[in-house]
Amino acid sequence: METESVLMQTLCVPCACRCRYCLLSWDGKTTGVAWERSVRFAEKFKERFLEERPGLGFSFSFGYSMEHPDLKGALRVLKKIGSPQAGFLQCDGMCMRNEKECGELMDMLSSEGAGQLNFTFYGLERYHDAFAGRKGEFANILRMMKAASEKGLELSSGIALTSENADQIDRLIDILNKTAELSRIFLFIPHEEGRGASIADIRFTEEDEKKLSGESLALLNREIFKTEGEWIREGFPVETKRTLIISLSEDNMERYESMDPLDIVKEIESLDEAYYGSFPSLEELAKAYGDPKGKRYYRQRDLFSCYRKVYAAEHGVSVYDVTDERQSGSRRY
Ligand code: SF4
């Protein structure tokens, strides 16, 4: 398994939503180390890390939301460090802004040369607000999109597709296209990680396809999202690479600050090996638990994760979970 890059993050910025499927299980309490301390650490880490392992990627990001108290300064830091987050801003869960305030925010983002702004939708207004756990969120992100479009910023929108919202998608896409100039709208099937486990029973299925038009369904990338049956019949691409995630928290920061960056990398690589070494391969798990006629849609990573959960419960596997993106770990691909 080849480590291709390191993604360092600090989850120090609150989010105003409580999405039903939140990967980071955001519950109102930040877990990341304060911004300034994280930046100092990231800069030093990057220098030493790239000195020893040139050619590897390094990026630094913050969450839970983009509502950083000094967003302009934060964007400058991200650009200086060379973080892709500066070029792709996920604009969900930010403060409520009226039209004027949205315009001011977009003016600032435009003058800072922000890249693409991305907005996630869960359905039409009432459904979206309920899913996001915040009344007014739908109208707020539409206002932001409209303002961004007027300032000529590049926009994209992702729509979480489930069996519960499938009949809302055509209308939703129409609203988005009428609100702003979007460079891209795409559908995606939500994961079951973090709080996403709670929406397992509304996973999109082949039967749900008829609830939306063929034109809308074409916005789902069928190379990435397939039914369980399709995955099993067509086979799984082998994962050979990984990104390591270093999540800076009050629990690990002091220890990380006392370590050589390369030892942190080695430590997380070992955690990754130990985790995946505790489970059979995806092919073996699919043979044991898979349904070759399965009609539910998955991304490969999510299907693998579902099988591992069943295996772990059956075999009593208890191992540090490198796929829990609130903590340091890895993402294989
Ligand atoms: S906007 Fe993102 S971080 Fe906030 S609750 Fe929703 S999924 Fe979680």
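The figures here come from the full heavy-atom set of this structure, side chains too, leaving out hydrogens, waters and symmetry mates.
- Taken from CE in M66 to NE2 in H68, the straight-line distance is 9.0 Å, to the nearest 0.5 Å.
- Counting heavy atoms from C-beta outward, I268 and V6 have side chains that stay 4.5 Å or more apart.
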Task: Worked verdict on E150 versus M106 for side chain to side chain contact (heavy atoms under 4.5 Å, CB included) - done: CA-CA 9 Å; E150 283 164 8; M106 298 310 159; over 6 Å; no

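- The pair E52-R48 meets the salt-bridge criterion, since a charged nitrogen lies less than 4.0 angstrom from a carboxylate oxygen.
- Between the side chains of Q85 and S59, no donor-acceptor pair is found at a separation under 3.5 Å.
- Cluster annotation: L282 is connected to V319 through the hydrophobic network of ILVMFWY side chains, with a link wherever side-chain heavy atoms come within less than 4.5 Å.
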TODO: Might you work through the side chain to side chain contact (heavy atoms under 4.5 Å, CB included) test for K151 and D107, ending with a clear yes or no?
DONE: CA-CA 7 Å; K151 306 288 175 192; D107 272 337; 3.3 Å; yes

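- F279 and I232 end up in the same hydrophobic cluster when Ile, Leu, Val, Met, Phe, Trp and Tyr side chains are linked at under 4.5 Å.
- Under the 4.5 Å side-chain heavy-atom criterion for Ile, Leu, Val, Met, Phe, Trp and Tyr, Y122 and L24 are members of distinct hydrophobic clusters.
- S83 and S61 share no side-chain donor-acceptor pair at under 3.5 Å.
- Annotation for A148 and L117: closest pair CB-CD2, 4.0 Å, computed over non-hydrogen atoms.
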TODO: Using the ring pair (Phe, Tyr, Trp, His ring centres under 6.0 Å) rule, take F131 and Y21 through it: C-alpha gap first, then chi angles, then the decisive distance, then the call.
DONE: CA-CA 8 Å; F131 194 99; Y21 79 144; 5.6 Å; yes

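- Scanning all heavy atoms of the two residues, the minimum distance from I159 to I185 falls at CD1-CG2, 3.9 Å.
- Note on L7 and I264: separate hydrophobic clusters, where clusters join Ile, Leu, Val, Met, Phe, Trp and Tyr whose side-chain heavy atoms are under 4.5 Å apart, directly or indirectly.
- A salt bridge does not link R331 with E193: none of the charged nitrogens is closer than 4.0 Å to a carboxylate oxygen.
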- [ ] List the steps, then state whether side chain to side chain contact (heavy atoms under 4.5 Å, CB included) holds for L75 with L109.
- [x] CA-CA 9 Å; L75 288 175; L109 292 177; 3.5 Å; yes

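- Using a 4.0 Å cut-off between charged side-chain N and carboxylate O, E112 and R76 make a salt bridge.
- Going from atom OG1 of T240 over to atom CZ of R332 covers 10.0 Å, rounded to the nearest 0.5 Å.
- Residue F304 is grouped with residue V322 when hydrophobic side chains (ILVMFWY) are merged at heavy-atom distances under 4.5 angstrom, including chains of intermediate members.
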TODO: Please lay out, stage by stage, how E209 and R222 fare under the test salt bridge (Lys or Arg N to Asp or Glu O under 4.0 Å).
DONE: CA-CA 13 Å; E209 288 176 13; R222 297 285 275 111; 5.1 Å; no

Task: Worked check of side chain to side chain contact (heavy atoms under 4.5 Å, CB included) between V265 and L56 - done: CA-CA 12 Å; V265 168; L56 263 66; over 6 Å; no

TODO: Walk me through it: do E273 and R242 pass the test salt bridge (Lys or Arg N to Asp or Glu O under 4.0 Å)?
DONE: CA-CA 11 Å; E273 304 292 345; R242 66 187 165 200; 2.7 Å; yes

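- Side chain of S38 to backbone of V33: a donor-acceptor contact under 3.5 angstrom is found.
- Not a single donor-acceptor pair under 3.5 Å links the side chain of N118 to the backbone N or O of Q90.
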- [ ] With salt bridge (Lys or Arg N to Asp or Glu O under 4.0 Å) as the test, would you mind laying out the steps for K287 and E283 before giving the verdict?
- [x] CA-CA 6 Å; K287 259 187 210 140; E283 285 75 12; over 6 Å; no

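- A donor-acceptor contact shorter than 3.5 Å is absent between the side chain of W26 and the backbone of Y64.
- Of the candidates F58, F60, Y256, F45 forms a side chain to side chain contact (heavy atoms under 4.5 Å, CB included) with just one, namely F58.
- Rounding to the nearest 0.5 Å gives a distance of 7.5 Å between CZ of R143 and CD of E99.
- Without hydrogens or angle criteria, E206 side chain to K295 main chain gives no donor-acceptor distance under 3.5 Å.
- Shown here for N165 and A160, the closest heavy-atom pair between the two residues is ND2-O, 2.6 Å.
- Of all non-hydrogen atoms in A166 and L212, the two that sit nearest each other are O-CB, 3.8 Å.
- In this pair, H128 and F138 present their aromatic rings perpendicular. The plane angle is above 60°, beyond the 30 to 60° band.
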TODO: List the steps, then state whether ring pair (Phe, Tyr, Trp, His ring centres under 6.0 Å) holds for F225 with Y297.
DONE: CA-CA 6 Å; F225 299 103; Y297 274 86; 8.2 Å; no

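- Looking at every heavy atom in both residues, I169 comes nearest to S216 through CG2-CB, 4.2 Å.
- Residues C17 and D92 fail the side-chain proximity criterion, which asks for heavy atoms closer than 4.5 Å.
- Between the side chain of K46 and the backbone N or O of I81, at least one donor-acceptor pair lies under 3.5 Å.
- Contact check on E192 versus R203 returns a salt bridge, with a Lys/Arg side-chain nitrogen under 4.0 Å from an Asp/Glu carboxylate oxygen.
- Note that the CD atom of E223 and the CD atom of Q300 stand 12.0 Å from one another [nearest 0.5 Å].
- In this structure, the side chain of T30 does not engage the main chain of G32 through any donor-acceptor pair within 3.5 Å.
- Looking only at atom types and distance, the side chain of R195 has no donor-acceptor partner in the side chain of S25 under 3.5 Å away.
- The pair E36-R40 does not meet the salt-bridge criterion, since no charged nitrogen lies less than 4.0 angstrom from a carboxylate oxygen.
- Listed for the W231 side chain is a donor-acceptor partner under 3.5 Å among the backbone atoms of Y298.
- Residue Q116 comes nearest to S183 through the heavy atom pair NE2-OG, 4.0 Å, listed as atom of the first residue, atom of the second, then distance.
- D208 and T205 are linked by a side-chain donor-acceptor pair at a separation below 3.5 angstrom, with hydrogens and angles left out of the test.
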TODO: Verify side chain to side chain donor-acceptor pair (under 3.5 Å) between T243 and S5, making sure each step is shown before the conclusion.
DONE: CA-CA 5 Å; T243 289; S5 59; 2.9 Å; yes

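- Inspection of the E228 and Y289 side chains reveals no N or O donor paired with an N or O acceptor under 3.5 Å.
- By the 6.0 Å and 45° rule, R37 does not stack over the aromatic ring of F41.
- At least one donor-acceptor pair under 3.5 Å links the side chain of S157 to the backbone N or O of F119.
- Remark: side-chain polar atoms of D291 are not paired, donor with acceptor, to backbone N or O of G229 under 3.5 angstrom.
- Using a distance-only test at 3.5 Å, with no hydrogens or angles considered, no donor-acceptor pair links the side chain of S305 to the main chain of R301.
- Ion pair R97/E67 flagged as a salt bridge, since at least one NZ, NE, NH1 or NH2 atom sits closer than 4.0 Å to an Asp/Glu carboxylate oxygen.
- Here the side chains of R308 and T323 are in contact, with some heavy-atom distance below 4.5 Å.
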